Undergrad: 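Structure below; questions to follow.
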Protein chains: 2
Amino acid sequence: MNTGNATTAEAACTDALPGAALSGPVSHAVSRVARLHRIAAGKLLKGLGLYPGQELLMMHLWDAGPVRQSELIRTLDLDPSTVTKMLQRLEQTGHVRRRPDPDDRRAVLVEATDRSCELHTAVRDAWGSLEEHTLAGLESDERTELTRLLAKVEANLCQETEGCPERG
Amino acid sequence: MNTGNATTAEAACTDALPGAALSGPVSHAVSRVARLHRIAAGKLLKGLGLYPGQELLMMHLWDAGPVRQSELIRTLDLDPSTVTKMLQRLEQTGHVRRRPDPDDRRAVLVEATDRSCELHTAVRDAWGSLEEHTLAGLESDERTELTRLLAKVEANLCQETEGCPERG
DNA sequence: CACTTTACCTTGGTCGGCCAAGTAATGAGC
DNA sequence: GCTCATTACTTGGCCGACCAAGGTAAAGTG
């Protein structure tokens with residue numbers, strides 16, 4: 001549509017703003033912010049030898065110690081196959097060790113390697129710096145409000161999506 | 001959890017909340033919300049034969065008519081290779097047509113096929129419904145505030161990331 | 001006009017992420 | 001004990017998204 005001719009008033013209007021931003025401004029913003037945020041995380045993690053997404057897994061491992069893969073899946077709320085593949089890569093890069101659970105021969109126990117633990121504080125710092133970068137210029141009450149609103153949105157999207165952890 | 005020993009006070013603390021949520025609550029929320037949002041979009045788009053991400057490209061095509069691939073790249077603010085591959089798939093599924101730009105033999109002109117235009121309103125509706133689902137239970141002023149805060153965050157992340165379109 | 005730089009796009013590889021389908025072990029009901 | 005459903009994880013396939021590197025054509029420069 002609008003195949004070149006700008007006879008309609010709409011044309012001039014939709015010129016500046018993509019149509020998606022009109023149908024769903026927040027949806028549009030969410031995807032853009034998420035992408036930029038991921039890129040920013042990637043840059044910070046690059047020097048640490050991690051890819052965005054992996055740091056969340058590792059952080060849980062550092063905090064919780066050896067856990068079953070199923071718990072990782074529940075906590076990170078990811079598809080089982082996603083976690084499997086992430087762990088295969090993390091194992092190959094030496095960040096993670098896996099061994100069979102003696103109590104349940106189906107299950108796999110996962111733990112962070114000693115070597116990876118050296119990254120612990122660096123990753124935490126990276127996330128802190130990312131958070132600061134993300135929220136730069138926002139007042140304290142704005143940050144609180146944003147957190148609150150995002151939580152509400154998350155709850156909305158959890159609805160019916162089913163499969164997200166119920167948290168008190 | 002906590003490898004058995006719960007000698008530190010922290011241990012009890014980090015039990016309920018993942019460490020990532022503590023180092024960066026908003027960062028954590030952003031990635032979670034984005035993922036859930038994408039899944040929700042995927043479900044709505046599935047019946048339309050589109051994958052999440054493709055709808056943004058198509059919406060721009062429907063609004064703007066035939067455009068150069070480079071303009072799509074700029075507008076969507078994606079990596080060129082990403083757009084190339086998306087277009088190859090969209091072409092194969094018959095949503096898009098590509099032809100060389102007569103004015104510039106390097107460039108490629110992209111346009112939505114007639115068949116795809118039938119999806120136009122359906123996609124728009126899907127996005128509207130997604131937006132409503134996302135923002136359910138939020139008052140009008142809360143929505144405004146969320147939009148404003150997300151825009152601020154986006155601007156922050158654009159900073160230094162460089163490569164995002166400068167919009168007035 | 002030749003030469004260099006820049007712009008446009010493609011290819012190949014890697015990751016996170018999903019779904020669908022499959023294997024294997026546990027647990028519940030009979 | 002035997003069947004059957006559930007749980008735990010893996011494999012393969014696909015998509016969005018990135019980067020790095022390459023090829024071709026246009027524009028800038030001498």
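The chains referred to below are lettered A, B, ... by the order of the sequence lines, with proteins before strands, and numbering in each begins at 1. Hydrogens, waters and symmetry mates are skipped; everything else that's a heavy atom, side chains included, is used. In this text the structure is predicted, and so the values were computed from the model without any measurement.
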Undergrad: Of all residues at least two apart in sequence or in a different chain, which pass the side chain to side chain donor-acceptor pair (under 3.5 Å) check with A:D125?
TA: none
Undergrad: Tell me, please, which residues at least two apart from B:R105 pass salt bridge (charged side-chain N to carboxylate O under 4.0 Å, His left out).
TA: none
Undergrad: Nearest-Å distance, CZ (B:R99) to P (C:dC9)?
TA: 13 Å
Undergrad: The criterion is side-chain contact (heavy atoms from CB on, under 4.5 Å); which residues satisfy it with A:S70, sequence neighbours excluded?
TA: A:R68, A:R74
Undergrad: What is the distance, to the nearest angstrom, from the CG atom on B:L76 to the P atom on C:dC9?
TA: 13 Å
Undergrad: Can you check the B:I73 CD1 to C:dT10 P distance for me, whole Å?
TA: 8 Å
Undergrad: For B:R89, what residues pass the salt bridge (charged side-chain N to carboxylate O under 4.0 Å, His left out) criterion, not counting sequence neighbours?
TA: none
Undergrad: A:E145: which residues meet the salt bridge (charged side-chain N to carboxylate O under 4.0 Å, His left out) condition with it, sequence neighbours left out?
TA: A:R148
Undergrad: Which residues pass the salt bridge (charged side-chain N to carboxylate O under 4.0 Å, His left out) test with B:R106, sequence neighbours left out?
TA: B:D104
Undergrad: Between N or O atoms, less than 3.5 Å apart, protein on one side and nucleotides 3-5 of chain C on the other: list the pairs.
TA:
none

Undergrad: Just the endpoints, please: which first and last nucleotides of DNA chain D, 5' to 3', lie under 4.0 Å from a heavy atom of chain B?
TA: D:dC15 to D:dA26
Undergrad: Identify every side-chain donor-acceptor pair in residues 48-56 of chain A under 3.5 Å, counting partners at least two apart or on other chains, and give the distances.
TA:
| from | atom 1 | to | atom 2 | distance (Å) |
| --- | --- | --- | --- | --- |
| A:Q54 | OE1 | A:Y51 | N | 2.9 |
| A:E55 | OE1 | A:G53 | N | 2.6 |
| A:E55 | OE2 | A:W127 | NE1 | 3.2 |

Undergrad: Checking A:S31 now: which residues fulfil side chain to side chain donor-acceptor pair (under 3.5 Å) with it, not counting sequence neighbours?
TA: none
Undergrad: For DNA chain C, find the residues of residues 88-98 of chain B with a heavy-atom distance under 4.0 Å and give them by number; none if there aren't any.
TA: B:Q88, B:R98
Undergrad: Output one letter per nucleotide in nucleotides 20-26 of chain C: B when a protein non-hydrogen atom lies under 4.0 Å from the base, S when only the sugar-phosphate is that close, - when neither is.
TA: -----BS
Undergrad: How many Å lie between CG on A:L56 and P on C:dG16, as a whole number?
TA: 11 Å
Undergrad: Rounding to a whole Å, what distance do you find between B:R68:CZ and C:dT10:P?
TA: 14 Å
